[in-house]
S.K.: 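First the structure, then my questions, so here it is.
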Amino acid sequence: MLIELQQVTKIYNQGRANEVKALDEVSLAIAPGSMVCLRGASGSGKSTLLAIIGCIFPPTSGKAAIGGKPLSRLPDRFLTIHRRQFIGFIFQQFNVLPELSVLDNVTLPLLPLGVPPRERRERGLRLLEQLAISHRKSFAANQISGGELQRVAIARALVNDPPIILADEPTAHLDTRLSKEFMKIMAGLKAAGKTIVITSHDPLVTEHAAVERIVDIRDGRIHVS
Amino acid sequence: MLRSSLERQLNILDYALSSLWRRRLKSLSIMLVFAAVIFLLASFQMVTTSLSQAAGRALARAPEITVQRMVAGRQETIPLAYLDKLSAIFGIRKVVPRIWGYHFDASNGANYTVMGLDPAVMPLGESLNLTLAEGRFFTDSEKGKAVVGQAIPASMGLADRRTFSLFRPDLTLKPFTITGVFAPGTELLTHDLIVTTLADARDLFAIPPDRVTDFCVYVANPAEIQTIARKIADRLPDTRVLTRPQIQKTYQVVFGWRSGFGSICLLTALAAFAILAWDKASGLSPEERREIGILKVLGWETADVLAVRFWEGLLISALAFGVGCLLAWIHVVYFGAALFRPVMVGWSVIYPPLALVPNLALADFLLIFAFTVMPYLAVTVIPAWRAATVPPDSAIR
């Protein structure tokens, strides 16, 4: 699914004393089925860019579109519906709910879609099996290891079968073995036709063979390499 | 579409239940405090209903009109000669003279109600025996006989004895023999009551032979009570005319006033709880904020998060409502409303230990629901909305 950004600017706290321009007229196109890495130092604007692609908030100005559908002027409710349909998120901190079971964490995005419990369970278990952690399905999320948590987060991002996967510093808390494992899974997803955008400055990610393009971001602006 | 909507709500309800379970300590503590407030309010409501119903049952056999004489704004004995004047009024079926007063028993500090009447001349005289748990009513020709309330034998320490004595005003003793004891169902009115013949009551209180304390008037057509009461008041201007509906209303007002006073005190507790609920609901912890952020990033709409909060509030308040009402029922029925009994039943030394069995209608539960669950949901809805509008990016910051 094609992702297009044209002259996108994002200003936080606009008009206030603490106004911050996080993105400054960024233009970017990401082809369907590709894997792109957004690279930049902390505060460079890469997470803001990821949030705009992920329909978390609209840009202050400029145009953003996914699969040809414009997002820039959409109210919050429609951004949520877009996010639900098109986007799977993987976070740096995994962002799982610690007291929920692994299976319940994975199926969280299916609840507001009205998916019946039996189907939820089947879809969640299928993904946990694919990611080889089905044996942990009943464990509370705070009882499993970091590598397993990462796979739970991946399973959760995939449970809606979204065409786009966004990962924010996904290997920041993983060791080398787990980081390589993560990229292997991402490469498999790319091969399955998913569009993948990863923010990272980890060489294990940026130098991975599956990454087709690295977008450098500095001070809210893009430097294509 | 409808099915999907229903599935969605069921999923959200499922999540709300698991959310309450995850915060079970906090949820349980809020539920228990809320249940305690509902318990107090429901107890008051149930006691009021029980007492009003007991009073209604007991007053069903009361005279339709009671006539007393007033002198200088105070009740005085009434001449027996008024009986003829009353009997002459069209529509009056029967006039029964009665002596009615209090007798203070200094030895145990109790006040007894003493009533002198002739059961044979009362319209329902033959059915008076039905109000007794044991024994029989005396006849007017018998001397020194009495029918007493449930509390009298124990209060006087009679044990198995059937005789007792009361002091006349000149401190000589007037002996009585118990011929019957009133049934427990009439306790609200008969618990401390001693009924004897007119002659014995007159003897006990030293009332002149041509006088009684009041007349019980029975009418031919109960629909005419007010009209006949007005006629009596016109013809005997020095009397006070009390109708049965007025007395019933007075009971309702007395219980209603006491219940209302108690309810106002308890509503203050409810208001304090509402403020606590507001405070708890509006102060989002970082974990809760993060959880909502995560849910919203995962595609939950503001309405979905609001629905979770709504279900949580409804589940807590419904559970508290059930627990509070059940405890109130147990408190009233099995413990005789021990917490509120002195406030509700009166100032008597001998509190009637009548069995309170509230026959609650749906309206009573709706009233309790409206005063408890609705305010709780109302005060939590705005904090819930504020929580639901947590921006999704709070999960990725």
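Below, chains carry the letters A, B, ... as their sequence lines are ordered, and counting in each starts from 1.
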S.K.: Using a 6.0 Å cut-off, check whether atom CZ of B:R24 has over 12 heavy atoms from anything other than its own residue.
M.R.: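 Enclosed: over 12 neighbouring heavy atoms sit under 6.0 Å from CZ of B:R24.
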S.K.: Do you know the tightest heavy-atom contact between B:E7 and A:P117?
M.R.: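 Heavy-atom minimum between the residues: OE1-CD, 4.1 Å.
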S.K.: Please look at A:L113 and chain B and tell me whether the side chain, the backbone, both or neither of the residue comes under 4.5 angstrom of a heavy atom of that chain.
M.R.: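 Contact with chain B: backbone only.
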S.K.: Between the side chain of A:R77 and the main-chain N/O of B:E301, is any donor-acceptor distance below 3.5 Å?
M.R.: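 No; judged by distance alone, with no hydrogens or angles, the pair does not exist.
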S.K.: Could B:R23 and A:E99 be called an ion pair, given the rule that one side-chain N must be under 4.0 Å from one carboxylate O?
M.R.: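 Looking at B:R23 and A:E99, the cut-off is not met.
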S.K.: Are B:K296 and A:T80 close enough that some pair of their side-chain heavy atoms sits under 4.5 Å apart?
M.R.: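 No, too far: nothing below the 4.5 Å cut-off.
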S.K.: Chain A heavy atoms under 4.5 Å from B:L10: which part of the residue, side chain, backbone, both or neither?
M.R.: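 B:L10 has no heavy atom closer than 4.5 Å to chain A.
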S.K.: Does atom NZ of A:K190 have more than 12 heavy-atom neighbours from other groups under 6.0 Å away?
M.R.: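 It does: A:K190 NZ has more than 12 such atoms within range.
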S.K.: Nearest 0.5 Å, please: how far is CH2 in B:W300 from CG in A:L108?
M.R.: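 Between A:L108 CG and B:W300 CH2, I get 6.5 Å after rounding to 0.5 Å.
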S.K.: Sub-4.5 Å heavy-atom contacts with chain B: which residues of residues 155-165 of chain A show up?
M.R.: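 Those residues of residues 155-165 of chain A which have a heavy atom under 4.5 Å from chain B are A:R156.
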S.K.: Is the shortest side-chain heavy-atom distance between A:N95 and B:R290 below 4.5 Å?
M.R.: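 A:N95 reaches B:R290 side chain to side chain.
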S.K.: So how far is it from B:N11 CG to A:R120 CZ, rounded to the nearest 0.5 Å?
M.R.: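 Answer for the CG-CZ pair, B:N11 versus A:R120, is 4.0 Å.
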S.K.: For a 4.5 angstrom cut-off between non-hydrogen side-chain atoms, does A:L100 reach B:S18?
M.R.: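 Yes, at least one pair of side-chain atoms sits under 4.5 Å.
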S.K.: Would you call A:D104-B:R22 a salt bridge at under 4.0 Å N-O?
M.R.: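 B:R22 and A:D104: not salt-bridged.
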S.K.: Do B:I12 and A:L111 pass the side chain to side chain contact (heavy atoms under 4.5 Å, CB included) test, and can you show the C-alpha distance, the side-chain angles, and the key distance before you say yes or no?
M.R.: CA-CA 7 Å; B:I12 288 172; A:L111 297 182; 5.5 Å; no
S.K.: Below 4.5 Å, heavy atoms only, C-beta onward: do A:P98 and B:E287 meet side chain to side chain?
M.R.: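 They are not in contact (no side-chain heavy atoms under 4.5 Å apart), so the answer is no.
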S.K.: Is the backbone of A:G114 close enough, under 3.5 Å, to the side chain of B:R8 for a donor and an acceptor to pair up by distance?
M.R.: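 Such a contact is absent between B:R8 side chain and A:G114 backbone.
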S.K.: To check you understand the geometry: which heavy-atom pair defines the closest contact between A:P112 and B:G299, and what is its length?
M.R.: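 Between these two residues, the closest heavy atoms are CG-O, 4.1 Å.
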S.K.: Looking at CG of B:L295 and CG of A:L97, how far apart are the two atoms once the value is rounded to the nearest 0.5 Å?
M.R.: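 These two atoms lie 6.0 Å from each other.
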S.K.: Got B:I294 and A:F94 here, is their nearest side-chain heavy-atom distance under 4.5 Å?
M.R.: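 A side-chain contact under 4.5 Å is absent here.
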